[in-house]
Amino acid sequence: MATKTIAIIGAGPVGLAAAAHATERGLIPIVLERGPAAGHAIRQWAHVPMFSPWAFNIDKAAERLLEASGWTRPDPDRYPTGGDLISHYVAPLAERLRDRIKLNAEVISVSRAGFDKVKTDGREAVPLLVRYRDGGTPASLAVDAVIDASGTWFSPNPAGVGGLPAIGEIEATEHIAYGMPDISGEARSRYAGKQVAVLGGGHSAIGTLIALSELQAENPATKITWLYRGPILAKAFGGGAADQLSARGELGLQIADLVKQGRIRTHTGFRLEQIERDASGLRLISNDERKQAVTVDELIVATGFRPELALLRELRVELDPALECPPSLAPLIDPNVHSCGTVRPHGAADLAHPEPGFYIAGMKSYGRAPTFLLATGHEQVRSIVAELAGDHAAARRVELVLPETGVCSATPGGPSASTSSCCGGPAPVAVDACCADDAVAKQSGKAGCGCSSSSRETTRETAEV
């Protein structure tokens with residue numbers, strides 16, 4: 001049997017982990033990275049501290065490959081920034097895999113060679129075809145399998161309500177940033193002494209608000225406004241002290257304190273409909289009942305990300321209609337159902353699509369769900385590569401223990417309110433539940449704490465990959 005060739009889209013930590021596992025199993029990985037260096041997306045948020053310590057950020061096969069070159073593992077208890085992840089892990093790993101990585105190779109499409117999505121007869125007998133720009137020049141690659149680990153960083157959600165750009169958003173892009181700008185670094189002059197609004201309610205928004213408050217301490221003329229779409233601001237404070245990812249829990253405690261001090265002006269129920277530009281700056285208009293309007297100099301949009309799916313149009317891909325993730329993952333990560341998150345480790349069986357040999361892994365596998373743990377991505381690709389290598393037992397085996405990540409919902413009492421917690425410890429394996437106390441409730445026939453009856457125990461973290 002000929003050695004399988006696997007195209008891996010993205011040279012981030014999950015894509016490189018997939019390449020390390022493939023190399024270890026005697027397969028041939030070809031990693032296609034759109035940027036000029038591995039970890040191109042992470043380099044955009046190099047200033048951001050990660051929520052998980054090094055103990056959860058290093059893949060086992062990657063570690064074995066690195067140790068063979070004399071690499072020293074970082075302190076497992078330390079929390080890296082994105083830049084640390086690049087310099088101490090991603091860059092050394094990419095160097096070890098340099099013969100398998102194509103840089104400046106942006107994937108345009110993936111299909112079956114000579115087959116559109118409709119044609120069936122003989123489909124599985126032909127290779128998958130990856131088309132990409134090789135430094136700007138069109139190129140094609142025929143392979144046995146494809147793992148899309150391209151992430152979602154370059155597909156941010158727009159500012160407007162309803163998933164669409166706000167009226168006037170595109171015209172105002174000069175004064176709008178997406179994601180997490182480096183406020184203490186290269187973006188400092190852009191925001192110092194300005195009136196700045198942050199739109200969003202997740203960890204990226206909170207981290208940005210905290211960074212702005214630090215800038216405000218140095219430059220008191222800096223004014224901060226938090227535009228929160230939901231009605232109850234306390235829900236954004238998260239698990240606080242109950243979160244075993246302590247760096248993330250600390251964010252909730254910090255932002256609650258800043259709001260209490262009055263250093264951040266807040267608008268709840270703010271559903272941005274229109275952006276107008278005039279001499280005073282940006283006028284942000286909400287379509288809520290109060291018709292709220294805010295005038296600022298700059299807007300930072302931290303409303304999450306979505307997967308780029310255009311390149312997969314000619315593949316037979318099955319995705320949840322709401323989250324745009326594999327259907328079996330949707331009940332585990334749906335933010336409409338889960339506000340805590342202990343997502344069970346999952347692999348090839350959950351990530352398979354009707355198109356044989358094609359998988360989506362890493363942050364992109366979560367579709368529009370808001371958070372992701374890097375260790376989950378490592379477990380995903382370990383299982384996928386085992387399946388592609390024919391080791392079905394290893395593909396089914398769970399080799400990951402995840403931390404408890406907080407509480408099921410915050411209460412107005414604040415992030416440290418213990419009464420809000422339903423996540424008393426690691427969820428038991430093979431229990432239909434989202435967290436430990438919920439599992440116990442469901443085992444006794446009760447409804448539990450908010451997880452749907454079709455869900456299984458689950459974990460999520462940050463859009464790191």
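Fair warning: this is a prediction, and the values are worked out from it, not measured in the lab.
Here the closest non-hydrogen pair linking Ser383 and Ala348 is OG-N, 2.9 Å. Scanning both residues, Tyr191 and Pro181, for their nearest heavy atoms gives OH-CG, 3.8 Å. Scanning all heavy atoms of the two residues, the minimum distance from Pro80 to Leu85 falls at CB-N, 4.3 Å. Here the shortest heavy-atom pairing between Gly200 and Trp226 reads O-NE1, 2.7 Å. Scanning all heavy atoms of the two residues, the minimum distance from Ala18 to Val385 falls at O-CG2, 3.8 Å. Listed here is the closest heavy atom pair of Gly269 and Asp288: O-CB, 3.3 Å.
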Q: Please lay out, stage by stage, how Arg131 and Val110 fare under the test side chain to side chain contact (heavy atoms under 4.5 Å, CB included).
A: CA-CA 6 Å; Arg131 287 187 176 176; Val110 184; over 6 Å; no
Q: Evaluate the criterion side chain to side chain contact (heavy atoms under 4.5 Å, CB included) for residue pair Ile224 and Ser213; output intermediate values, then yes/no.
A: CA-CA 8 Å; Ile224 310 168; Ser213 73; 4.3 Å; yes
Q | Criterion side chain to side chain contact (heavy atoms under 4.5 Å, CB included) on Ser184 and Leu215, from CA distance to verdict | A | CA-CA 7 Å; Ser184 64; Leu215 178 60; over 6 Å; no
Q: Carefully, step by step, assess Val161 and Leu272 under the rule side chain to side chain contact (heavy atoms under 4.5 Å, CB included).
A: CA-CA 6 Å; Val161 69; Leu272 183 60; 5.9 Å; no
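Put simply, OH on Tyr366 and CG on Asp334 are 12.5 Å apart, with the number rounded to the nearest 0.5 Å. In this structure, the separation between CD on Glu106 and CG on Leu32 is 11.0 Å, given to the nearest 0.5 Å. The CE atom of Met180 sits 4.0 Å away from atom OG1 of Thr208, with the distance rounded to the nearest 0.5 Å. For the atom pair CZ (Arg188) and CD (Glu214), the distance works out to 11.0 Å, reported to the nearest 0.5 Å. Atom OH of Tyr89 sits about 7.0 Å away from atom CG of Leu374, to the nearest 0.5 Å. Taken to the nearest 0.5 Å, the CG atom of Asn57 stands 9.0 Å off from the CZ atom of Arg73.
The main-chain N or O of Thr222 is found under 3.5 Å from a side-chain atom of Gln216 such that the two form a donor-acceptor pair. Formation of a donor-acceptor pair under 3.5 Å by the Glu63 side chain with backbone atoms of Lys60 is not found in this model. With hydrogens and angles disregarded, no donor-acceptor distance shorter than 3.5 Å links the side chain of Glu379 to the backbone of Ala375. Not a single donor-acceptor pair under 3.5 Å links the side chain of Asn287 to the backbone N or O of Glu273. Thr81 contributes a side-chain N or O that, together with a main-chain N or O of Asp84, makes up a donor-acceptor pair within less than 3.5 Å. Under the 3.5 Å distance criterion, the side-chain polar atoms of Asp278 are matched with a main-chain donor or acceptor of Gly281.
Looking at heavy atoms from C-beta onward, Pro36 lies in side-chain contact with Asn104 at the 4.5 angstrom threshold. Taking 4.5 Å as the limit, every side-chain heavy atom of Leu209 sits out of range of all side-chain heavy atoms of Gln254. Using a 4.5 Å cut-off on side-chain heavy atoms (C-beta onward), Asp320 and Leu329 make no contact. A heavy-atom distance below 4.5 Å is found between the side chains of Leu284 and Phe270. Inter-residue side-chain proximity for Thr268 and Pro231 is flagged as unmet; no heavy-atom pair is nearer than 4.5 Å. Contact check for Ile6 versus Ile147: side-chain heavy atoms found under the 4.5 Å cut-off. Residues Leu227 and Thr266 form no side-chain contact, since every pair of their non-hydrogen atoms from C-beta on lies 4.5 Å or further apart. Side-chain contact between Leu282 and Thr295 is absent, with no heavy-atom pair separated by less than 4.5 Å.
Ser328 and Asp350 share a donor-acceptor pair across their side chains, judged by distance under 3.5 Å alone. Looking only at atom types and distance, the side chain of Thr225 has a donor-acceptor partner in the side chain of Arg265 under 3.5 Å away. Between His346 and Gln380, the side chains place a donor N or O and an acceptor N or O closer than 3.5 Å (distance only, hydrogens not considered).
Around the CD atom of Gln261, the shell of radius 6.0 Å holds more than 12 heavy atoms that belong to other residues, nucleotides or ligands. Shown here is Glu318, whose CD atom has no more than 12 heavy atoms of other residues, nucleotides or ligands within 6.0 Å. The environment of CD1 in Ile170 is sparse: at most 12 heavy-atom neighbours from other residues, nucleotides or ligands sit within 6.0 Å.
The aromatic rings of Trp153 and Trp45 lie tilted to each other, with the angle between the two planes from 30° to 60°.
Phe358 does not carry Arg316 over the face of its six-membered ring by the limits of under 6.0 Å from the centre and within 45° of the normal.
Between Asp148 and Lys364 a salt bridge is recorded (basic side-chain N to carboxylate O distance below 4.0 Å). Between Arg277 and Glu171 there is no salt bridge, since none of the side-chain N atoms of the basic residue sits less than 4.0 Å from a carboxylate O of the acidic one. Under the 4.0 Å criterion applied to side-chain N and carboxylate O atoms, Arg382 and Glu387 are not assigned as salt-bridge partners.
Aromatic ring centres of His203 and Phe51 lie closer together than 6.0 Å. The six-membered or imidazole ring of Phe56 lies away from that of His378, with a centre-to-centre distance of 6.0 Å or more.
The side-chain contact (heavy atoms from CB on, under 4.5 Å) test with Pro13 singles out one residue from Leu93, Val90, Val381, and that residue is Val90. Here the options are Glu355, Lys117, Glu324, His353, the test is side-chain contact (heavy atoms from CB on, under 4.5 Å), and the partner is Val317; only His353 passes.
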